[in-house]
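Okay, so here's the structure we're looking at.
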Amino acid sequence: MTMLENTKEQREIAYTSPRPDVFAMVPTTALSVLDIGCSNGALGASLRHACRGRRVFGVEIDPAFAVEAQAILDQVICADLNELEWPVLTNGMQFDCIIFADVLEHLMDPRKHLLEAKRYLRPGGCIVVSLPNIRHISSFYSIFIKGTFPLRDRGIFDKTHLRWFTINDAKSLIAELGMSVVHTTFNLRMGDRGGGMMNRLANKYGTILNFFLIREFLTYQFCLRAEIAK
């Protein structure tokens, strides 16, 4: 397989869709967006086309995805963020919105990179974060019932994860940065797999999120937008 080819399995693992959950978190006023872990550029392209004059820049570790993203975004750097310094990454630019969509759990020092991202926000800018919820009921089942911490190719137990977050962990991390969470969404799942009627019904009736146990233990993935605290 050449560097520019991706196997079917790799594409299934990577987030190669426009990510409507993340898309909805980006303000229409954000005309300069940095998408960290931009994959094949599908999310960035949808953001770019949604607002006239919007520019979207990306960072992607996978060379094949980076090539695809470069064709549809304004600029893409192919690099491992764990080994890349932010002044090199940004080249002095500032952004209205910086996205970490399912990226922080892959970083050795998530707090460091969020602090760096904050430095490169324009006044009134925001950071959008999407994360899997380690407190999901499937984690309880695997660890406390089956007695194993599985390593998988996707989901909460993705074997490439270096960090794990609950909803409160993510909010606490944002607070440590001197930022405030201004909006949060929750993707509910009854088990480890998406799709199916039960999952669709759970997400359709959002009022059930008012129940603490449902929000904490059935949220498989959550997305938040953070702004500098006033």
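- In plain terms, the two heavy atoms of F23 and A50 that are nearest each other are CZ-CB, 3.6 Å.
- Between W164 and F157, the gap from one ring centroid to the other reaches at least 6.0 Å.
- Every residue was checked against the side chain to side chain contact (heavy atoms under 4.5 Å, CB included) condition with A175, not counting sequence neighbours, and none meets it.
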Output a table of donor-acceptor pairs, distance under 3.5 Å, between side-chain atoms of residues 125-132 and any protein atom two or more places apart or on a different chain; print 'none' if there are none.
residue : atom : partner : partner atom : Å
S130    : OG   : R19     : NH2          : 3.2
S130    : OG   : D102    : OD2          : 3.1

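- Under a 3.5 Å cut-off, the side chain of E85 and the backbone N or O of P87 do not form any donor-acceptor pair.
- A side-chain donor-acceptor contact under 3.5 Å links R163 to the backbone of M108.
- For the pair K118 (side chain) and L177 (backbone), a donor-acceptor distance under 3.5 Å is present.
- With hydrogens and angles disregarded, a donor-acceptor distance shorter than 3.5 Å links the side chain of D96 to the backbone of S32.
- Judged by distance alone, the side chain of R54 and the main-chain N or O of A30 form a donor-acceptor pair under 3.5 Å.
- No hydrogens or angles considered: a donor-acceptor pair under 3.5 Å links the side chains of D169 and T166.
- The shortest distance between side-chain heavy atoms of T219 and N187 does not fall below 4.5 Å.
- Within the 3.5 Å criterion, the main-chain N or O of T184 finds no donor-acceptor partner in the side chain of R225.
- Between T160 and D158, the side chains place a donor N or O and an acceptor N or O closer than 3.5 Å (distance only, hydrogens not considered).
- Heavy-atom minimum distance, T28 versus L31: O-CD2, 4.2 Å.
- With hydrogens and angles ignored, the 3.5 Å screen pairs a side-chain donor or acceptor of E60 with a backbone N or O of S39.
- Considering every non-hydrogen atom in both P150 and S142, the closest pair reads CD-CB, 3.9 Å.
- Follow the hydrophobic side-chain contacts under 4.5 Å out from L114 and you never reach V26; the two are in separate clusters.
- Just one of Y141, F165, F217, Y220 meets the ring-ring contact (aromatic ring centres under 6.0 Å, His included) condition when paired with H136; it is Y220.
- The minimum heavy-atom distance linking V88 with I77 is given by the pair O-CD1, 4.5 Å.
- Applying the ring pair (Phe, Tyr, Trp, His ring centres under 6.0 Å) test to residues at least two apart or on different chains, the pairs with a partner in residues 41-64 are F57-F95.
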